[in-house]
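Please read the structure below before turning to the comments.
Note that this is a predicted model, so its numbers are computed, not measured. Protein chains get the first letters and strands the later ones, always in sequence-line order, with residue 1 at the start of each.
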Amino acid sequence: MTVRVRFAPSPTGQPHIGNIRTVVFNWLFARQHGGQFIIRVEDTDRTRYVPDAVNVMFNSLRWLGLDWDEGPDVGGPHGPYVQSERLPIYREKAQELLDKGWAYRCNCSPERLERVREEQRARGEMIMYDGHCRDLPANAISPDEPHVIRLKMPREGQTQVHDMLKGEVVFENSGIDDQVLLKSDGFPTYHLAVVVDDYLMQITHIIRGDDWLSSAPKHVTLYRAFGWELPEFAHVPLVLGADGRKLGKRHGAISVAEFERQGYLPEALFNFLALVGWAPGEGVDQEVFSREELLQRFDMKRVNLAPAVFSYEKLDWMNGVYIRALSPEALMERLIPFWQDAGLVPYPVTTESLAQLQVMTPIVQERLKVLKDVVPLTDFVFADIPTPAPEALIGPKMTAEQSLQTLEAVRSLLAGVLNWDAASLEPPLRQLCKDLGLKAGQVLGIIRVATSGKEVAPPLFGSLEALGRHATLQRLRRAEDALAASIQQASPA
RNA sequence: GCCCUCAUCGUCUAGUCUGGUCAGGACACAGGCCUUUCAAGCCUGGUACAUGGGUUCAAAUCCCGUUGAGGGCACCA
């Protein structure tokens, strides 16, 4: 039988990194077994529906390179793939359960249910439906009056869930609620819909977050009630935030779209995600894996049991590894949108600015953790800078006068240089350092501040090449003026 | 409160099934080298088997308890 797995998101917001990690496991599992990966939208809660959520989710998956074989957009033989379009199926299945005696109608009011819960809380009892309507005669509640349909969970015995990772997990039936299967608005709850659809869509492996383990026995009971063969379950550990709690809305930059905006590479994020909760083991220390290697080595059975904290620091490191592995041309292509968004580079990239980008890209490459870092690192090349503070223009172990003289010497040298490129700039400047009896760090540091306004900037010679002769000389001149003025002020004649 | 799951450096983890190598790697951190700043790279360093009891010649590894953490307990998914 061919492997069929699914990702079943509800369109209630942005997919976060924890959900996506679970999708990565699903996708890897499907692809390495030559199986199918299916997307099904679980939109049975009309009160929480977010209109654009499905598209955002599709975009995130595509960006990460996770493709699917069946789904709302591509269709497939088991559609529709949106639960709100499958209502008649759920009603029919609920009726079947009613007929078989595995379900019953319940017309308890929300108020009564709340009261019951209140009392249970007060007595420190387990909070669950009290069975008020469970044993009413079949015709006691008319199909025409508002009501819900509940699962008639056996009161005695146990239900076992076989989990690929945890083995046999046993639940006492007495602790399992008579779950609502069909709501009074005619929509199914998750529990009914998920079982019906997973069966009809012939899902063989249900790989989902550990937060579903508690409801797994209800699902197993439903499969039994219908007389359907059980799929394999794998409840994978949750991904926790830095505070050690389940990832949620309050955890900041956790949506995939946000990672994209910050300039993480999809292949790096994919690699990293695969390693959250899984490791190759067997003495293998490798952590950087191509998609193909992951496909080959990933092993569902080796997935960790303990929840993992998502480490942004390590992701940053891995992203840097992937950035450094890119060819300069490929990196530049990825960098351009970030430069443009920051307003540093014009929209159709002009020939001049392309030349600058070609110089800057290789010298910033090993300095980037995320693509967006390129903006603060290189902005001085594309936009004018404020004149640096005079104090910043004084070299280490140097006087203001000495620094001013250095600046002047540099400017007159650079004014006469024949070819304006990094390779032609470096030798004469180094020679100048010697002539002045100064260390390279002293002279170059002054030039750096004068031309970039920064203490920390990309390598100087390339930066000057990209800046151009005109802007370089102009900034040197301005720096001289500022320094001269401050010297003047400090010692009035 | 009740149910379920889990437990190795700060973090991600290898090692646990098939007891016996100074408990290995990575990120982060500290120091050093390199060096035009910052990075990158290289070298060095510190830090972990939650706890109590068994079983055994021998326990991170097997068993029981405790503690801790996470998840769940809706006409949400």
Side-chain angles (χ1 to χ4, degrees), chain A residues 8-12 42-45 47-48 106 108 110 113-114 117 120-129 146-150 161 163 165-166 169-172 174-177 179-185 187-191 193-194 209-217 235 237-238 240 242 244-246 272 275-288 304-318 320 324 363-369 373 377 426 429-430 433 439-449 452 454-461:
Chain A
S10 62
T12 53
E42 310 219 321
D43 59 344
T44 53
D45 183 358
T47 62
R48 295 203 307 162
C106 165
C108 290
L113 295 174
E114 189 42 50
R117 279 194 280 264
Q120 287 168 334
R121 255 190 291 271
R123 277 176 296 194
E125 287 174 9
M126 222 178 287
I127 293 165
M128 49 196 280
Y129 182 60
H147 67 278
V148 301
I149 293 177
R150 286 181 184 274
V161 176
D163 187 276
L165 304 177
K166 300 175 202 287
V169 183
V170 182
F171 296 83
E172 290 296 330
S174 59
I176 302 172
D177 209 353
Q179 187 59 234
V180 171
L181 301 176
L182 205 63
K183 305 182 228 178
S184 55
D185 64 1
F187 277 65
T189 58
Y190 170 82
H191 306 281
V194 78
D210 208 16
D211 45 349
W212 292 113
L213 184 59
S214 305
S215 40
H235 291 92
L238 296 177
L240 273 25
R245 297 199 150 268
K246 183 184 174 183
F272 186 73
L275 257 30
V276 175
W278 175 81
E282 289 161 9
V284 178
D285 289 335
Q286 186 181 349
E287 301 205 86
V288 177
N304 249 281
L305 263 24
V309 172
F310 187 89
S311 167
Y312 289 89
E313 284 167 343
K314 192 159 183 178
L315 171 62
D316 281 350
W317 162 76
M318 186 169 280
R324 275 171 251 135
I363 63 176
V364 296
Q365 185 156 21
E366 66 191 23
R367 274 153 254 264
L368 302 176
K369 292 228 177 294
D373 287 344
L377 210 49
E426 181 162 357
L429 275 171
R430 290 214 183 265
C433 297
K439 290 195 168 175
Q442 294 176 296
V443 177
L444 302 184
I446 295 174
I447 306 176
R448 173 175 299 110
V449 173
S452 71
K454 300 176 197 289
E455 299 278 357
V456 173
L460 187 66
F461 305 114

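- Rounded to the nearest Å, the gap between the C1' atom of B:A30 and that of B:G46 is 8 Å.
- Nucleic acid contact for A:G175: none, since no nucleic acid atom lies under 4.0 Å from a heavy atom of the residue.
- Heavy atoms of A:F461 sit under 4.0 angstrom from at least one base atom.
- Here, B:A23 and B:U47 have their P atoms 11 Å apart, quoted to the whole Å.
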Mind running side-chain contact (heavy atoms from CB on, under 4.5 Å) on A:L275 and A:K314 for me, showing each step along the way? CA-CA 11 Å; A:L275 257 30; A:K314 192 159 183 178; over 6 Å; no
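- As a whole-Å value, the separation of A:K439 NZ from B:U37 P is 11 Å.
- In this structure, the CG atom of A:L315 is 13 Å from the C1' atom of B:U11, given to the nearest Å.
- Within the model, atoms CD of A:E313 and CG of A:L315 stand 11.0 Å from one another, a figure rounded to the nearest 0.5 Å.
- For B:A58 and B:A50, the C1' atoms lie 23 Å apart once the distance is rounded to whole Å.
- Among the atoms of the strands shown, none is found under 4.0 Å from any heavy atom of A:G445.
- B:C62 and B:G54 make up a base pair, with Watson-Crick or G-U wobble contacts both under 3.5 Å.
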Once base and sugar-phosphate atoms are separated, protein heavy atoms under 4.0 Å mark nucleotides 71-77 of chain B, 5' to 3', with B, S and - as BSSSBBB
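- As rounded to the nearest Å, B:U18 and B:A28 have C1' atoms that lie 35 Å from one another.
- In A:K183, the NZ atom is crowded: over 12 heavy atoms of neighbouring residues, nucleotides or ligands sit closer than 6.0 Å.
- Residue A:L305 contributes atom CG, which lies 13 Å from atom C1' of B:C4 at whole-angstrom precision.
- Take the nearest nucleotide of RNA chain B for A:G441 and for A:S311: the residue whose nucleotide is more 5' is A:S311.
- Looking at A:T189, its side chain does come within 3.5 Å of a backbone N or O of A:V180 through a donor-acceptor pair.
- Without hydrogens or angle criteria, A:D163 side chain to A:H235 main chain gives a donor-acceptor distance under 3.5 Å.
- Using cut-offs of 30° and 60° on the angle between ring planes, the pair A:W212 and A:H191 is perpendicular.
- Between the side chain of A:D45 and the backbone N or O of A:T47, at least one donor-acceptor pair lies under 3.5 Å.
- A:E313 has its CD atom 12 Å from the P atom of B:C27, to the nearest Å.
- Taking the P atoms as reference points, B:U51 lies 28 Å from B:C29, given to the whole Å.
- Taking the C1' atoms as reference points, B:C9 lies 13 Å from B:A60, given to the whole Å.
- A:V170 comes within 4.0 angstrom of sugar-phosphate atoms only, judged by non-hydrogen atoms across all strands, and of no base.
- B:A7 and B:U67 make up a base pair, with Watson-Crick or G-U wobble contacts both under 3.5 Å.
- A donor-acceptor pair under 3.5 Å is absent between the side-chain atoms of A:D210 and the main chain of A:L238, judged by distance alone.
- One interatomic measurement links the two molecules: CG of A:D285 to P of B:G25, which rounds to 8 Å at whole-angstrom precision.
- Between the CH2 atom of A:W278 and the P atom of B:A14 there is a distance of 10 Å, rounded to whole Å.
- If you take atom P in B:A59 and the same atom in B:G20, they sit 11 Å apart, rounded to whole Å.
- Whole-Å rounding puts the A:N304 CG to B:U5 C1' distance at 13 Å.
- The CE-C1' distance, from A:M318 to B:A26, rounds to 9 Å in whole Å.
- Nucleotides B:G15 and B:G1, compared at atom P, are 36 Å apart to the nearest Å.
- When both pairing distances are held under 3.5 Å, B:A77 makes no Watson-Crick or G-U pair with any nucleotide shown.
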